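Reading through the structure tokens given below for one structure.
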Amino acid sequence: MAPRPEPDETAATEQSVSPESREWRGILVVVEQHDGEARPVSWQLLGQARRMAEKLGCEVMALVMGHGVEPVARLAIAYGADVVYLANHPALATYRTQPYSEAVLHVIRHFRPEIVLVGATYTGRDLAGAIATRIPTGLTADCTMLDVEPPPSRLLLASRPAFSEKLMATILCKRHRPQMATARPGVFEALEPDPGRTGRIQPVEVVLDESRIAARVVEIARSHDRVRLEEARVIVAGGRGLGGPQGFRLLRELADALGGEVGASRPAVEAGWIDHAHQVGQTGHTVRPRLYIACGISGAVQHLVGMSGAETVVAVNRDPDAPIMAAADVAIVGDLYEVVPALIEEARRRRG
Ligand code: FAD
């Protein structure tokens, strides 16, 4: 697609538009990458964008920003993009709000996607908020469901928990374009990457003047204990049944033996046994590991909603009738303080 002519900014962004207007078409996913490695949420959003694009009959676009990130652009095609806009510039080498939002705004103004999706990560939340302050349109943050109404309305149905998580609200942006949303990692399933998929990579020229960028990256200090539950392939989670914080030391041993992370239910977090960064569920993280081991967790719906995307669920519980046992692929009835040490021993034995 050739770039559409530079619109009169006021006309294109400050007036309400008819959703049927052919001016705005396609779903744009802003791909988040750090050091050339894309965050999985970007591929998950591309998967959902593909599903929604089928209903709208439109293209899926991806925007890759960085310096020397062509391989990420090629991956975006494998994960479902029809066209990838590649903003390649030294000023984009590390994330900074100002140049990154300039690049996204450039693409929005030139190519006019009707929907823009950004991962609800620390970076994505910052970026989406900054963009939303520059164009007069709505932003629905932290969505847990995304869908579209088919033409002619073409509306994005952006759903997220509201009123202290007591109900789900579906938020519409009827009169302004693009319709923007951030979505939580782990909620949507990425497509199986297909290296044979074809698509276009279109370089975009963003004018960025380093001397006019307010922030400079002086040093990047990485936190070693940063929890990345959404990206974990194995999660060993504990609940009230642990009886105290010491239980999490045991779960950490099992997680380490399996190369995984530690998760928790809300009561365990509220009791102060573990940090909120580990919480799984409606008010915590949504996870999609290959293996989820729930220890001393009853399986309340608010917990299940956060881990139902797990490939295999193992539950360890004293109560055979706990709801988690029905949701599990393998249900182990017993005291977790007897079962978990046996699992650790077996995992270590297999690792050799
Ligand atoms: P319990 O329900 O008390 O279950 C403890 C389990 O441990 C029991 O099944 C028991 O049989 C078992 N057990 C006890 N001792 C042992 C032992 N020695 N060995 C083996 N098993 C043992 N919850 C979340 O987890 N995440 C959320 O994000 C979340 N958000 C919420 C949002 C709202 C608006 C509300 C109202 C609630 C939310 N909750 C959330 C809370 C949720 O409703 C449940 O209260 C919570 O998930 C229960 O946690 P639990 O399973 O650890 O505790």
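Atoms considered below: every heavy atom in the structure, side chains included; atoms not considered: hydrogens, waters and symmetry mates. One-based numbering, in listed order, for ligands and for the atoms of each. Since this is a predicted model, take the numbers as computed values, not measurements.
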Students should be able to answer this: which protein heavy-atom is nearest to atom 12 (C) of ligand 1, and at what distance? N317 OD1, 3.4 Å

Pair R51 + D147, salt bridge at N-O below 4.0 Å: no

Whether A268 lies under 4.0 Å from ligand 1, heavy atom: no

Are Q246 and R249 linked by a side-chain donor-acceptor pair shorter than 3.5 Å? no

Can you list everything that forms a ring-ring contact (aromatic ring centres under 6.0 Å, His included) with F248? Sequence neighbours excluded, please. none

What part of S298 sits under 4.0 Å from ligand 1 if we count only heavy atoms: the side chain, the backbone, both or neither? both

If the cut-off is 4.0 Å to any non-hydrogen atom of G281, which atoms of ligand 1 fall inside it? 26 (N), 27 (C), 28 (O)

Closest protein heavy atom to atom 14 (C) of ligand 1, given as residue, atom name and distance to 0.1 Å: G241 CA, 3.3 Å

Heavy-atom proximity to atom 35 (C) of ligand 1, picking from Q282, R266, R240, points to R266

With heavy atoms and a 4.0 Å threshold, my read on which part of V280 contacts ligand 1 is backbone

Proximal atoms of ligand 1 relative to G284 (non-hydrogen, under 4.0 Å): 28 (O)

Checking R288 side chain against G186 main chain: does a donor-acceptor pair fall under 3.5 Å? yes

I'd like to check whether L336 has a polar contact with ligand 1, where a contact means an N/O of the residue lying under 3.5 Å from an N/O of the ligand. yes

Determine whether Y292 and V236 satisfy the following criterion, side chain to side chain contact (heavy atoms under 4.5 Å, CB included), listing intermediate values before the conclusion. CA-CA 6 Å; Y292 190 87; V236 182; over 6 Å; no

Pick from I324, L291, D329: which one makes a side chain to side chain contact (heavy atoms under 4.5 Å, CB included) with V314? L291

G239 heavy atoms within 4.0 Å reach ligand 1 at atoms 52 (O)

Would E32 and T121 count as having a side-chain donor-acceptor pair, cut-off 3.5 Å? yes

Is S265 close to ligand 1, meaning an N/O of one under 3.5 Å from an N/O of the other? yes

Tell me which protein heavy atom sits closest to atom 27 (C) of ligand 1, plus the residue, atom name and distance to 0.1 Å. Q279 NE2, 3.2 Å

Should we say atom CD of E37 is surrounded by more than 12 heavy atoms from elsewhere, each under 6.0 Å from it? no

When distances are taken from atom 6 (C) of ligand 1, the protein heavy atom at minimum range is G296 O, 3.4 Å

Shortest heavy-atom approach to atom 39 (N) of ligand 1 - which of H285, R318, M325, Q302: Q302

Starting from atom 48 (C) of ligand 1, what is the nearest protein heavy atom, named by residue and atom, and what distance separates them? P267 CG, 3.7 Å

Considering only protein heavy atoms, which is closest to atom 29 (C) of ligand 1, and at what distance to one decimal place? T283 OG1, 3.4 Å

Checking side chain to side chain contact (heavy atoms under 4.5 Å, CB included) between I115 and each of R154, R177, Q179, which is the one that passes? Q179

For G334, counting its heavy atoms only, list the atoms of ligand 1 lying under 4.0 Å from any of them. 19 (N), 20 (C)

So if I count the atoms of ligand 1 from 1 in the order they appear, which ones are less than 4.0 Å from some heavy atom of D335? 17 (C), 18 (N), 19 (N)

Under the salt bridge (Lys or Arg N to Asp or Glu O under 4.0 Å) rule, what do E253 and R348 come out as? Steps first, then yes or no, please. CA-CA 10 Å; E253 280 186 52; R348 286 184 182 152; 3.1 Å; yes

Is P161 near ligand 1, meaning one of its heavy atoms is under 4.0 Å from it? no

Partner set under salt bridge (Lys or Arg N to Asp or Glu O under 4.0 Å) for D126, not counting sequence neighbours: none

Going by the order shown, which atoms of ligand 1 are within less than 4.0 Å of some heavy atom of A300? 42 (C), 43 (O), 44 (C), 47 (O)

In L28, V29, V30, the residue satisfying side chain to side chain contact (heavy atoms under 4.5 Å, CB included) with V118 is V30

Polar contacts were defined as any N/O atom of the residue lying under 3.5 Å from an N/O atom of the ligand; does this apply to A264 and ligand 1? no

